[in-house]
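Read through the structure below, which is laid out as structure tokens, and then see the notes.
Order of listing sets the numbers, starting from 1, for every ligand and every atom in it.
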Amino acid sequence: MKTLSAYAHIPFCKQKCSYCDFISYEGKNSLIEPYFGALYEEIKTYRALLGATRTIDSVFIGGGTPNYVDVGYIQILLDVLRDTFEVNRQAEITMEANPASNVELEDFFKYRNAGINRLSIGLQSASNALLKAIGRVHTKEDFEDFYETARRAGYDNINVDLIFGFYEQSVAEWAETLDYVLSLDVRHISCYSLKLEEGTPLYHRYLQQGIDIEDIQDRDREMYEMARDRLLGSGFRQYELSSFALPGYESVHNLHYWNTDEYIGFGAGAHSYINDARFYNISDLTAYIEGIKENLSAIEEVEQLDEETKEEEFVIMALRKLDGVDLEEYYKRFGKDFLEEYAEQVLYLQGAGLLNVRDEHVCLSEDGLDFANIVMMEFVRG
Ligand code: SF4
């Protein structure tokens with residue numbers, strides 16, 4: 001049986017953060033019950049379609065804030081998933097969490113009993129002033145309570161999400177955040193560079209304040225390099241542009257994305273990639289619920305990927321990984337020699353010091369990490 005990774009989207013949050021453009025809503029508590037009813041139905045519809053041909057080896061429950069809803073909803077979600085698919089006993093099952101909501105020790109035990117064996121906690125910054133400025137509902141102390149309670153419940157496979165590049169954030173403050181997280185016993189740290197999205201309150205505020213985005217971007221590179229230095233110096237291995245793990249704690253689920261393996265997404269705005277086609281679910285919550293109720297489907301768009309697109313996505317996603325493009329895997333999937341196919345680009349980028357070819361892999365060089373987007377654009381055709 002082929003393996004598949006599964007994603008379930010929980011689009012509810014206590015409060016919308018000012019930089020967030022994910023599909024997540026505050027003040028929609030009345031939709032929690034019908035949303036989960038629809039989510040369970042959506043999962044079940046795949047029993048006949050895929051249940052007999054795919055085994056799930058990673059699950060990611062993301063959002064939104066999955067721990068904002070009652071733990072019972074998550075327990076049922078995983079039960080329904082197991083009734084529909086064969087979920088590998090060793091599967092990595094991650095839940096994203098926000099330290100704002102009150103989660104008691106017994107809730108963590110319930111998450112564990114439901115099979116969640118990895119937590120991904122959004123701290124973003126250890127500065128309370130910055131957390132407030134960007135609309136996070138928690139403080140560093142809330143995070144600490146949350147983290148320690150999770151540890152007491154037996155969680156050791158924990159990722160902490162951090163963001164750098166806010167105008168309000170000094171380099172010294174970023175250093176303190178890194179040092180703080182390194183003082184904990186976490187196994188995985190994700191350091192995301194702020195992507196200032198048009199339409200978010202933060203974008204409008206920066207615009208109104210006349211903040212020069214270019215200035216932020218210069219400091220952003222300094223912060224990225226600082227993160228790399230400190231995390232690598234503390235025994236973490238960088239295995240993707242934003243991802244650092246202690247040996248053996250790389251995220252199975254995320255690696256599936258970067259390897260352009262098949263995945264299935266459930267819930268509002270979720271995507272799937274199966275049999276060379278990408279499916280996009282409708283984002284609006286009410287429309288999603290209605291779609292499942294009326295048609296047992298909330299798919300808004302289907303995109304059949306041609307060979308060229310598949311290849312382009314494979315290369316671009318692979319370049320996100322520090323291991324880069326696996327030449328043997330590329331040949332297996334596309335029946336071509338990567339170094340012949342992209343001889344011109346490889347030569348040029350190697351000459352510019354941005355790309356390395358070694359051990360049957362083509363990957364970003366250390367300098368290339370700072371110019372990853374430019375390198376990737378070289379592999380976009382048409
Ligand atoms: S907690 Fe996450 S999903 Fe929710 S509003 Fe903040 S950034 Fe967005």
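- Atom numbering of ligand 1 starts at 1 in the shown order; those under 4.0 Å from a heavy atom of Arg136 are 1 (S), 6 (Fe), 7 (S).
- Here Cys20 does not reach atom 4 (Fe) of ligand 1: none of its N/O/S atoms is less than 2.8 Å from the metal.
- Under the 4.0 angstrom criterion for non-hydrogen atoms, Gln15 is in contact with ligand 1.
- With a heavy-atom cut-off of 4.0 Å, Cys13 touches ligand 1 through its side chain alone.
- Checked against the 6.0 Å centroid criterion, the rings of Phe314 and Phe334 qualify as a close aromatic pair.
- The single protein non-hydrogen atom nearest to atom 3 (S) of ligand 1 is Gly64 N, 3.2 Å, given as residue, atom name and distance.
- Tyr257 has its ring centre no less than 6.0 Å from the ring centre of His271.
- Under the 6.0 Å distance and 45° angle rule, Arg112 does not count as a cation-pi partner of Phe109.
- Of the protein's non-hydrogen atoms, the one nearest atom 1 (S) of ligand 1 is Asn98 ND2, 3.1 Å.
- Of the protein's non-hydrogen atoms, Cys17 N, 3.3 Å is the one closest to atom 5 (S) of ligand 1.
- If you look at Phe146 and Phe108, their ring centroids are closer than 6.0 Å.
- Atom CG of residue Asn275 and atom NZ of residue Lys2 lie 5.5 Å apart, to the nearest 0.5 angstrom.
- With a 4.0 Å heavy-atom cut-off, ligand 1 is reached by no atom of Glu26.
- Side chain of Arg320 to backbone of Ala372: no donor-acceptor contact under 3.5 angstrom is found.
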